[in-house]
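Working notes, beginning with the structure itself.
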Number of protein chains: 2
Amino acid sequence: MKQKITIKTIAKELGVSTSTVSKALKDSHEISAETKERIQAYANYYNYKPNHLALQLRNQKTKVIGVILPKIVHHFFSTVIMGIEEGANLKGYNIMVCFSNESYKKEVETLKVLSNGSVDGIIVSIASETLENKDFKHFKELVSEEIPLVLFDRVVEDILCDKVVVDDVGAGYKATKHLLENGREKIALITTPNHVNVGALRRQGYEKALIESYIKTNKNIIVEIDEEKDIKLQIEKVFDYGIDGIFAVNEIYAANAMKLAKEKGNKVPEDISVIGFTDGLISEYSSPSITTIAQHGFIMGKQAVELLIERIDKEAEVYKPKKIVISSDLKLRESTKPSS
Amino acid sequence: MKQKITIKTIAKELGVSTSTVSKALKDSHEISAETKERIQAYANYYNYKPNHLALQLRNQKTKVIGVILPKIVHHFFSTVIMGIEEGANLKGYNIMVCFSNESYKKEVETLKVLSNGSVDGIIVSIASETLENKDFKHFKELVSEEIPLVLFDRVVEDILCDKVVVDDVGAGYKATKHLLENGREKIALITTPNHVNVGALRRQGYEKALIESYIKTNKNIIVEIDEEKDIKLQIEKVFDYGIDGIFAVNEIYAANAMKLAKEKGNKVPEDISVIGFTDGLISEYSSPSITTIAQHGFIMGKQAVELLIERIDKEAEVYKPKKIVISSDLKLRESTKPSS
DNA sequence: TGTCAACACGAAACCGTTTTCGTGAGTTTC
DNA sequence: GAAACTCACGAAAACGGTTTCGTGTTGACA
């Protein structure tokens with residue numbers, strides 16, 4: 001990189017001290033008009049830019065927010081990033097994005113790297129492996145170091161920090177209720193293993209809705225997908241039980257299930273109604289397009305970053321961790337309609 | 001944030017100088033075994049972490065790479081990010097991700113922020129508004145400041161820096177050729193406005209393939225989508241011309257076109273074959289699934305970051321900008337088959 | 001006993017900036 | 001004409017590390 005001009009070089013060239021230059025550039029009243037003029041003209045001419053690193057060191061602020069996501073090639077998470085970035089920019093922050101790739105080890109390492117002072121605060125959605133291990137000491141350590149932390153979507157209650165979540169139970173309930181209201185009674189659930197808490201919560205909503213309609217849950221038509229294995233093969237078996245509705249906790253599962261349903265000779269939505277989660281492009285562009293629960297990832301990201309910056313700004317204060325619950329909406333499309 | 005322990009505090013507590021602490025923590029031979037032992041034990045016990053900012057200031061290196069993307073809720077770009085992140089991590093770098101949101105103004109601002117020393121180098125895919133304006137002085141300025149820069153996918157030739165692109169002409173040719181080989185002759189092209197150069201290049205490939213088959217291009221069945229307006233309405237008109245094939249330069253256009261084709265009573269792939277670009281989830285999960293040109297975003301990202309780091313490492317050397325061309329592959333799926 | 005090398009550690013400069021606290025010169029004030 | 005005050009600027013510390021170059025103490029050796 002080319003030799004950058006610094007306050008020192010300006011000072012030397014103009015025969016003044018660095019303090020004078022610094023003040024002149026800030027338009028301080030301590031400096032005479034003509035000196036200011038000279039210095040500013042020089043700085044401007046040589047395109048002086050203050051060195052960010054030096055400022056960061058001095059201010060003990062980086063104006064950078066760290067973000068750790070389980071993955072990015074995923075509609076929901078990329079939407080959240082957009083929200084975080086917009087919220088951060090509004091307050092003069094930049095974001096440093098890292099991925100855990102759902103791995104516990106990488107999450108721990110990334111957290112360590114980010115907590116060495118490169119960022120003022122961190123936003124995380126927890127990796128599934130970590131959720132499975134139930135090992136959260138890296139987060140607790142962060143909290144005890146008082147580094148501002150906000151968890152979103154995949155959160156864990158006993159980490160004492162701010163959180164932003166969707167109302168997963170309510171959303172699962174809403175989705176199932178919608179199918180029930182369409183006259184569906186044998187509703188398959190395609191969900192994640194139980195350690196992914198969002199899956200577990202949506203399942204609670206599903207079960208709640210069924211109970212309210214006096215329908216017994218049937219374990220045969222509930223599938224917990226193991227993403228290591230072939231998704232379609234795992235879903236397939238539910239079709240042996242004469243189902244008339246499918247609730248999938250994300251859009252990949254929904255699309256797979258719908259495709260299978262069609263392959264098995266069912267018409268969607270006539271024979272089987274399908275409802276998904278995460279209002280992404282797949283749901284929008286598949287045919288029929290899929291009714292989903294929209295998670296409002298953008299809003300989540302923005303709320304998360306606002307919460308975080310608030311915490312950064314009032315670092316001294318003691319506080320009770322806040323939890324923001326974002327409501328989710330039913331987005332009606334072609335894959336659901338009343339049974340005839 | 002809690003008071004962090006620094007080398008100074010350790011030095012004071014243990015009654016040694018900061019230089020001794022620094023050396024001891026680096027296992028320097030200058031320090032006696034027992035002193036090292038004491039210092040390391042203390043540092044370990046109090047969980048000492050060197051302050052990254054201080055190191056950055058001293059080394060004049062941030063070990064951070066800036067990335068500016070036009071958007072993120074997009075399969076190709078999120079794949080590229082994955083590649084960049086992985087490549088960066090391998091070399092001990094982190095990435096700072098920003099978005100231009102296709103806006104010229106935001107691109108300029110973001111570039112300015114990143115070039116103040118917060119990053120060691122920058123990777124960019126240019127915003128469409130910038131491509132339309134043809135105003136690249138912000139990039140040229142960066143180059144003249146000798147800040148390492150790599151452009152990918154949407155590049156501009158007269159910015160003198162490293163570049164990573166897909167062979168868009170070849171890919172457009174390959175896609176069109178595939179349709180021709182399937183016996184299609186009236187092939188609609190759904191593309192971007194010409195200022196988005198990837199669109200323009202793919203169009204060249206399309207035209208080249210047609211010419212080779214002695215087919216005259218028909219402007220009526222070529223649509224340049226204006227994303228401000230309704231996409232479907234713009235595509236619709238091509239169906240008035242009795243087409244039997246569609247080549248779309250991205251998967252959104254492909255999905256829209258296919259949906260329209262079906263709504264108009266055509267069978268895909270029997271009546272009309274459809275081929276897209278960007279091998280994303282939409283192509284995979286729509287029905288029929290869509291044959292596409294896979295762009296290998298992950299590889300592009302990784303190559304881009306490797307090029308950048310190479311440049312950062314040999315900053316002193318004069319060099320000729322390199323250009324890496326990634327070949328693209330045809331991914332056969334259900335939406336194309338020979339006409340009967 | 002004087003010389004020299006090895007050892008273990010410290011002082012100080014440095015990275016680029018901000019900020020507090022002088023300080024000398026000139027100007028008012030009584 | 002001395003005290004007080006303003007003005008315009010500089011010196012130095014600070015942020016948290018690293019690194020170069022001493023330097024005082026030992027011990028070995030001639």
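Chain naming here is simple, since letters A, B, ... match the order of the sequence lines and numbering starts at 1 in each.
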Of the candidate nucleotides D:dG10, C:dC9, D:dC9, which contains the atom at the shortest distance from the side chain of A:Thr35? D:dC9
No-H, no-angle donor-acceptor pair, A:Lys23 side chain to D:dG10 base, under 3.5 Å: yes
Please confirm whether any donor atom in the side chain of B:Glu30 sits under 3.5 Å from an acceptor in the base of C:dC9, or the reverse.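 Side chain to base: pair present.
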Nucleotide [N], atom [atom2] - distance to [atom1] of [X] in whole Å:
{"X": "B:Lys26", "N": "D:dG17", "atom1": "NZ", "atom2": "P", "answer": "10 Å"}
{"X": "A:Lys12", "N": "C:dG16", "atom1": "NZ", "atom2": "P", "answer": "11 Å"}
{"X": "B:Gln60", "N": "D:dT18", "atom1": "CD", "atom2": "P", "answer": "15 Å"}

When we call it a touch if two heavy atoms are under 4.0 Å apart, what does B:Leu55 touch: a base, just sugar-phosphate, or nothing? sugar-phosphate
Please work out whether the ring planes of A:His74 and A:Phe76 are parallel, tilted or perpendicular, with thresholds of 30° and 60°.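 Geometry flag for A:Phe76 against A:His74: perpendicular rings.
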Please name the residue in the list A:Val80, A:Thr79, A:Val97, A:Ile72 that meets the side chain to side chain contact (heavy atoms under 4.5 Å, CB included) test with B:Ile72.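 Filter result, single survivor: A:Ile72.
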Please determine which of B:Val150, B:Val155, B:Asp153 meets the side chain to side chain contact (heavy atoms under 4.5 Å, CB included) test together with B:Lys163. B:Val155
Can you tell me if the side-chain N/O atoms of [X] get under 4.0 Å from OP1 or OP2 in [N]?
{"X": "A:Thr6", "N": "C:dG16", "result": "no"}
{"X": "A:Thr20", "N": "D:dC9", "result": "no"}
{"X": "B:Ser19", "N": "C:dA12", "result": "no"}

